[in-house]
4 protein chains.
Amino acid sequence: MVKRPDARRRSEKSRRAIYDAALSLVGDVGYPRTTVEGIAARAGVGKQTIYRWWPSKADVLLEAFLDLGERVAEEAGQQPYRIPDTGDLAADLKAVLRATVDELLDPRFEAPSRALAAEGLVNEQLGREFVAKLLEPQLQLYVERLRSAQEAGQVRAEVDPRIALELFVSPLAQRWLQHTGEISHTYTDTLVDYALHGLAPR
Amino acid sequence: MVKRPDARRRSEKSRRAIYDAALSLVGDVGYPRTTVEGIAARAGVGKQTIYRWWPSKADVLLEAFLDLGERVAEEAGQQPYRIPDTGDLAADLKAVLRATVDELLDPRFEAPSRALAAEGLVNEQLGREFVAKLLEPQLQLYVERLRSAQEAGQVRAEVDPRIALELFVSPLAQRWLQHTGEISHTYTDTLVDYALHGLAPR
Amino acid sequence: MVKRPDARRRSEKSRRAIYDAALSLVGDVGYPRTTVEGIAARAGVGKQTIYRWWPSKADVLLEAFLDLGERVAEEAGQQPYRIPDTGDLAADLKAVLRATVDELLDPRFEAPSRALAAEGLVNEQLGREFVAKLLEPQLQLYVERLRSAQEAGQVRAEVDPRIALELFVSPLAQRWLQHTGEISHTYTDTLVDYALHGLAPR
Amino acid sequence: MVKRPDARRRSEKSRRAIYDAALSLVGDVGYPRTTVEGIAARAGVGKQTIYRWWPSKADVLLEAFLDLGERVAEEAGQQPYRIPDTGDLAADLKAVLRATVDELLDPRFEAPSRALAAEGLVNEQLGREFVAKLLEPQLQLYVERLRSAQEAGQVRAEVDPRIALELFVSPLAQRWLQHTGEISHTYTDTLVDYALHGLAPR
DNA sequence: TTTTAACCGAGACGGTACGTCGGGTCTTTAC
DNA sequence: GTAAAGACCCGACGTACCGTCTCGGTTAAAA
């Protein structure tokens with residue numbers, strides 16, 4: 001039987017400091033050279049305080065990143081986010097993807113999210129958590145927008161939205177993750193056009 | 001000035017042993033717990049022999065993997081590979097993607113290629129090499145097939161093949177890498193259909 | 001200025017429990033592996049309750065040991081102890097030393113007293129306390145008995161009793177502490193004989 | 001089966017540096033605050049180099065101390081040491097004990113030898129080694145001198161020299177180790193006198 | 001054909017970080 | 001309202017690997 005620490009007595013100050021230290025360290029020196037000891041030192045915290053609450057540095061980073069997302073969302077004074085629905089599917093998708101491109105190029109997000117994605121490839125458990133907590137909720141928004149488009153007759157009824165969304169989301173993801181190409185607003189606009197109207201002649 | 005070792009005197013036996021040890025270790029214990037020391041020990045080789053020829057374990061693995069690919073190709077008694085061109089673009093693409101699915105599910109490839117992809121996300125230099133030596137050559141085959149389809153009037157002339165191919169390749173890649181969904185022959189068939197004919201009604 | 005705890009409000013039950021836990025732990029796992037945390041846990045007491053009243057585990061043990069001595073003495077229904085004075089100095093000394101041998105071989109005393117002696121070698125302050133509270137009072141009894149023997153003409157007048165007693169006490173102590181030889185009744189008898197009559201021929 | 005390191009490849013420089021660092025650290029900060037990490041740092045050596053060759057800091061110190069003894073002995077350009085035998089037993093013993101007193105008061109020896117003695121009380125294995133390698137050889141010299149005195153008729157034939165020597169050696173040892181009294185030339189002279197001629201009137 | 005230089009297996013070395021343990025302090029919770 | 005429980009910061013533990021280095025020995029190129 002493992003001794004679980006008492007979460008009620010947890011120091012909120014330390015938690016915050018650890019999140020901040022983790023994110024800033026990853027930004028400064030990169031993920032592989034970020035160490036638990038380094039996080040503890042920068043956070044002004046004992047190593048044990050990290051090991052008490054997280055099993056590994058990847059988990060620290062995941063939580064720190066989720067927390068960052070929440071804080072950013074809160075700042076933006078948000079109601080649960082949805083993809084805009086102006087009636088023009090192409091325009092709505094292009095707008096959202098342009099925003100995504102901007103976010104992917106934001107250096108604050110770059111290092112930690114790439115690090116998490118990488119760790120997730122190799123560490124199955126973390127990968128699933130990463131996907132479930134960060135990726136899927138985003139993708140679900142596309143599913144909803146595509147459903148609405150199907151009702152409006154702008155997308156064929158027999159199309160599976162969960163697969164359809166990958167036509168424009170995955171290419172962007174891959175270019176960003178694997179540096180297989182530049183990412184830009186024109187690029188994502190093109191993706192939307194290709195996906196909606198197909199490659200074959202009409 | 002760096003001392004370059006004399007490649008002519010290199011022990012072929014050691015090289016082979018190191019490749020084998022690296023691949024089998026990654027398969028056995030996973031990439032992060034694969035160590036240079038471990039590879040050396042399993043290969044029956046001094047550590048220095050590894051460091052003499054490769055700068056890092058990632059590079060060892062990359063070469064080992066490239067070598068594995070070559071050997072497999074050789075076994076298959078292959079002329080330089082091309083995507084079949086039967087005149088039916090959809091059928092050709094589906095066939096190739098089905099073969100890719102089979103390969104991705106082959107456990108021999110699973111651990112090392114996932115490991116390399118992951119390392120490539122975080123280690124820019126390795127990532128570029130991975131893309132240049134493994135990924136791009138594959139993608140180039142699609143570019144050629146799509147060009148031929150354009151000439152045959154099966155793909156619109158203004159479509160950029162390098163982007164177009166991502167509509168079916170990237171979704172598969174992402175599902176496999178990030179476990180965001182199952183991969184199967186029906187799935188890739190669907191991708192090809194969606195990509196060629198678009199999501200919007202005709 | 002240090003905050004002194006209010007000794008009047010001290011919990012007698014905790015004190016007892018700590019003494020018992022400390023002695024039994026030292027007996028069970030040895031001094032170096034006895035920890036303050038371990039004592040607290042076994043005593044069912046918070047660590048702070050120990051640190052409130054003692055500066056270190058050595059001091060806890062010293063007090064616990066003194067207390068043990070007192071309790072044992074009490075059990076024995078004792079008036080302040082003196083060395084018997086039957087008029088036969090040799091016999092009296094031999095009797096006392098035999099009793100001491102028995103005590104030294106009692107496993108209840110072995111671990112803690114050896115531990116305290118060891119700690120006292122290295123921790124000067126504790127050493128002085130150990131000597132002052134445990135050792136010197138014992139030695140003083142010998143001083144008195146030897147004085148009485150001098151008055152009876154059984155010991156030369158010019159002999160310094162404080163030094164003289166060391167002739168039989170120190171060898172026993174050293175053998176016990178440093179395992180430099182076995183200790184037994186015959187051994188201490190011999191010591192008394194040698195000390196009283198000298199090594200040189202009469 | 002434990003992996004034994006190859007002693008032939010051992011770095012003599014590191015060994016020396018570790019001895020020096022260990023002795024000087026014990027001298028500077030005392031035994032309990034001497035850490036393996038500290039020794040490694042001061043010696044400019046990796047921790048593993050210490051753990052490779054010694055099981056604990058106590059063993060490092062023991063060897064360092066033995067080595068110091070040897071070096072000092074070598075400096076003194078020594079033939080195997082013996083207690084002088086001028087025919088006058090009392091004088092010879094007094095001379096040797098005076099020298100011992102001087103050595104015990106030498107600050108170079110003080111900290112490490114006290115530390116070793118202390119550790120030896122609690123760590124049985126080390127204690128035996130300490131006694132066997134350092135203490136007993138010294139005591140044996142007294143045994144020989146006393147035997148010679150017995151042959152010369154200056155010590156009673158039935159006296160056991162191994163016990164007899166404790167009459168003057170142990171008191172000195174105890175005073176030094178446990179701070180139970182000052183040590184000086186007059187003190188050891190007195191011990192010799194008492195031991196040789198006894199406490200009882202002639 | 002001999003010499004000789006480099007590679008080779010082996011593994012010790014100075015280091016860095018790991019994850020754990022316990023010290024001594026401070027805070028929270030429960031009796 | 002006191003003290004148990006235990007989280008906290010800190011520092012040392014002993015281990016695992018890192019990447020470099022040195023040691024003999026073997027082996028293949030140059031002389």
**Student:** If you take any heavy atom closer than 4.0 Å to DNA chain E, which residues from residues 56-67 of chain D end up in contact?
**Tutor:** none

**Student:** Rounded to the nearest Å, what distance is computed from the OH atom of residue D/Tyr31 to the P atom of nucleotide F/dA12?
**Tutor:** 15 Å

**Student:** Rounding to an integer number of Å, can you tell me how far B/Ile39 CD1 sits from F/dA16 P?
**Tutor:** 18 Å

**Student:** What's the shortest heavy-atom distance between B/Ala40 and B/Ile50, and which atoms?
**Tutor:** N-CD1, 3.8 Å

**Student:** Rounded to whole Å, please give me the gap between CZ in B/Arg42 and P in E/dG9.
**Tutor:** 17 Å

**Student:** Any non-hydrogen side-chain atom of C/Val131 less than 4.5 Å from a side-chain atom of D/His179?
**Tutor:** no

**Student:** Could you note down all residue pairs passing salt bridge (charged side-chain N to carboxylate O under 4.0 Å, His left out) where residues 44-57 of chain A supplies at least one of them, sequence neighbours left out?
**Tutor:** A/Glu37-A/Lys47

**Student:** Send over the distance from C/Tyr51 OH to F/dG6 C1', rounded to a whole Å.
**Tutor:** 14 Å

**Student:** Strictly by ring-ring contact (aromatic ring centres under 6.0 Å, His included), give each pair with a member in residues 31-65 of chain A just once, sequence neighbours left out.
**Tutor:** A/Phe65-A/Phe109

**Student:** Within the 4.0 Å limit for protein heavy atoms, which parts of nucleotides 11-17 of chain E are touched? Write it as a string from 5' to 3', B for base, S for sugar-phosphate only, - for none.
**Tutor:** BBBBB-B

**Student:** What residues form a side chain to side chain donor-acceptor pair (under 3.5 Å) with A/Ser11, not counting sequence neighbours?
**Tutor:** A/Ser14

**Student:** How close or far is atom P of E/dG24 from atom CH2 of C/Trp54, stated in whole angstroms?
**Tutor:** 14 Å

**Student:** With nearest nucleotides of DNA chain F determined for B/Pro55 and D/Gly38 from heavy-atom distances, which residue corresponds to the more 5′ nucleotide?
**Tutor:** D/Gly38

**Student:** Calculate the interatomic distance between C/Ile50 atom CD1 and F/dG6 atom P; express it in whole Å.
**Tutor:** 15 Å

**Student:** Could you pull out all residues at least two apart from C/Ser113 that satisfy side chain to side chain donor-acceptor pair (under 3.5 Å)?
**Tutor:** none

**Student:** Under a 3.5 Å distance rule, please check whether A/Arg114 uses its side chain to pair with a backbone N or O of A/Leu177 as donor and acceptor.
**Tutor:** yes

**Student:** Where the side chain of A/Thr34 meets the backbone of A/Gly30, is there a donor-acceptor pair that is under 3.5 Å apart?
**Tutor:** yes

